[in-house]
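Reading through the structure tokens given below for one structure.
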Amino acid sequence: MEIVEEGPFRFRIPREGGMRVPGVVFATRDLLPAAAGDQALLQVMNVAALPGIVEASYAMPDVHWGYGFPIGGVAATDTAAGGVVSPGGVGFDISCGVRLLAADCDRDRLAPRLRSLMDILGNRTPRGPGRGGVWHLDARQLAEVLVGGARYAVEQGHGVRRDLDRCEDAGVLSGASPEQVSERALERGLGQVGSLGSGNHFLEVQAVDAVYDESAARAMGLRERQVCVMIHCGSRGLGHQICTDHVRVMDRAMSRYGIEVPDRQLACAPTHSDEGRAYFAAMAAAANYARANRQLLTEAARRAFGETAGCGLELVYDISHNLAKAETHDVAGAGLDLCVHRKGATRALPPGHPDLPRDLATVGQPVLIPGTMGTSSYVLAGVPGGGAWHSTCHGAGRVRSRHRAAREVDGRRLRADLEQQNVAVRASSWRGLAEEAPQAYKDVDAVVRAGEGAGLCRRVARLVPLGVVKG
DNA sequence: ATGTGC
């Protein structure tokens, strides 16, 4: 394959074969996927063949191999021109995302209480595969969660109104219908609201370690040495089942629409088709589930902080990095209705965008980047003119498979190393911990520098871990 | 990511 360095932080994969648009990768040479067997750039090319794709098949600096679409991929299709929606462009963990809470205390004040706080968070945070959640629902309430998201959770007393002001879409994605969610998905989701899951999901107690933009940080409620909580989780078994169900339906339907894709994992259907609309309605339901999930974990963290440290936690922002959204964008002077897939990529609205919370209108949207255990996480902001439909990276990006990381790293040893660095670790399995070792990931500092260099976002603050509750 | 599989 041909890849052309177009400028700093920007590579181009010219059109060939069935590609309808070029590929554009925002990265440095060092960040390009290089691991043996990593087909991410081939996947960027495959995505470029989707019906209705507009401008380019984009990849963010943390791009790596995924199911059909690369993780770190962004693709928009023109809905009026037969553009498609593809479950593989969202990912199995629908609306997986990050929420950042800012404590009204500094790290020095928390230090003497940190261990007992971590014990309580560790004991009370449901996590690991298949385990239950903190909110026990009946079927009727689950349907309300699927339609109402974090807003329903807050209405039921799990949070405060201001939380919703600081959620993407005010905590609820419209267009969700529980009727499009299978019985099996509902069963899997029933007992998991308020749970982390496993893999790279976590709840971290962090401290603000550096501030790059003082006024933006202040507007977001952040200052040096302040304690924060970062929650990274998604829609659990419910979202996974929805993805599985709709991939199957679309795989069978594609030929009826005359759609051919280079990889079956890119199964898709026109956004206006029955299959496309059904997926969108189910995807929105999973997105609302994920938002309620993060809202319930927020309330659990607030109780733990209140009891042990007498601290409150204010929501900075809640943003998804696995979602397809209906958005209108200016393309060659005309407003087009697009279906924007972001898979392992984060929306980054620029200052002045009408969808921003009023008090962040001049700042831009907070973008939350979870780093790797023991390294940094970042708060970024959207910038004017941001490319790739106002999108940027979502995390460090994996460079070694789970399998290889588990083979090379000893989980107990990793925990001891982290504790040595004063990071308290509450793991759920040694293997799971090993799979998430820092050496399995790209350098998150380099990833966010590349995002900034490519004009996709700007850095606001860096956060370092004090303690991690690992999924 | 996932009751780590069809």
Side-chain angles (χ1 to χ4, degrees), chain A residues 38 40 43 62-73 86-99 126-133 142 181-193 195-203 231-249 251-252 264-265 267 279 282-283 285-287 289-291 293-294 297 319-324 341-346 370 372-373 394-407 411 427-436 440-441 470-471:
Chain A
D38 192 319
Q43 293 185 316
D62 48 340
V63 62
H64 61 285
W65 178 83
Y67 178 88
F69 282 59
I71 295 164
S86 173
V90 171
F92 275 86
D93 193 1
I94 296 167
S95 206
C96 177
V98 186
R99 174 176 279 228
R127 60 193 189 279
R131 315 265 171 81
L142 178 60
V181 178
S182 68
E183 275 305 316
R184 198 169 178 196
L186 293 171
E187 270 170 39
R188 292 180 68 174
L190 195 57
Q192 297 186 323
V193 184
S195 67
L196 276 181
S198 59
N200 62 358
H201 292 159
F202 64 73
L203 182 153
I231 297 169
H232 177 205
C233 63
S235 51
R236 308 288 281 104
L238 178 127
H240 190 275
Q241 189 63 46
I242 287 172
C243 183
T244 303
D245 294 339
H246 289 260
V247 163
R248 184 173 301 150
V249 168
D251 184 54
R252 289 174 185 158
R264 274 182 76 177
Q265 294 184 352
Y279 172 68
M283 181 208 70
Y289 183 96
R291 286 136 191 233
N293 188 20
R294 292 193 283 272
L297 289 170
I319 184 77
S320 165
H321 48 233
N322 279 7
L323 208 57
H341 301 75
R342 294 186 184 88
K343 178 189 191 178
T346 316
T372 318
M373 274 180 304
H394 87 303
R398 188 170 274 282
V399 290
R400 286 187 205 186
S401 68
R402 295 191 177 285
H403 188 76
R404 189 170 157 205
R407 199 174 59 222
S428 68
S429 87
W430 296 122
R431 186 192 162 95
L433 197 68
E435 287 176 350
E436 295 302 317
Y441 283 89
K470 197 71 199 71

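Every value quoted in this text rests on a predicted model; they were computed, and no experiment measured them.
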Checking all strands, does Gly197(A) fall into the base, sugar-phosphate, or nothing category for heavy-atom contacts under 4.0 angstrom? sugar-phosphate
Whole angstroms only, please: what is the NE2-P distance between His246(A) and dT2(B)? 18 Å
Check this for me, if you would: do Glu436(A) and Arg398(A) make a salt bridge, where the nitrogen-to-carboxylate-oxygen distance has to be below 4.0 angstrom? yes
How long is the line joining CZ of Arg431(A) and P of dA1(B), in whole Å? 13 Å
Does dA1(B) have OP1 or OP2 under 4.0 Å away from a side-chain N or O of Asn200(A)? yes
Tell me: CG of Asp93(A) to P of dT4(B), nearest whole Å? 16 Å
Report which part of the nucleic acid Gln192(A) touches: base, sugar-phosphate, or nothing (heavy-atom distance under 4.0 Å, all strands). sugar-phosphate
From the list Arg404(A), Arg402(A), Lys470(A), salt bridge (Lys or Arg N to Asp or Glu O under 4.0 Å) partner of Glu435(A) resolves to Arg402(A)
Any base atoms under 4.0 Å from Gly237(A), or only sugar-phosphate, or nothing? Heavy atoms, all strands. sugar-phosphate
Grab the CZ-P distance between Arg184(A) and dC6(B) for me, whole Å please. 10 Å
Do Arg127(A) and Arg131(A) have side chains that get closer than 4.5 Å, going by heavy atoms? no
Which part of the nucleic acid, if any, lies within reach of Gly234(A) when heavy atoms closer than 4.0 Å are counted: base, sugar-phosphate only, or nothing? nothing
Calculate the interatomic distance between Ile94(A) atom CD1 and dT2(B) atom P; express it in whole Å. 12 Å
Rounded to whole Å, please give me the gap between CZ in Arg127(A) and P in dT4(B). 19 Å
Should Arg402(A) be listed as having a side-chain N or O under 4.0 Å from OP1 or OP2 of dT4(B)? no
Ignoring hydrogens, what is the shortest heavy-atom contact between Gly72(A) and Asp62(A)? Give both atom names and the distance. CA-OD1, 4.5 Å
Closest to the Ser198(A) side chain, choosing from dA1(B), dT2(B), dT4(B): dT2(B)
Ring-plane angle category for His64(A) and His394(A), please: parallel below 30°, perpendicular beyond 60°, tilted otherwise. parallel
Could you state the CZ-P distance from Arg236(A) to dA1(B), rounded to the nearest angstrom? 12 Å
Rounding to an integer number of Å, can you tell me how far Leu196(A) CG sits from dA1(B) P? 12 Å
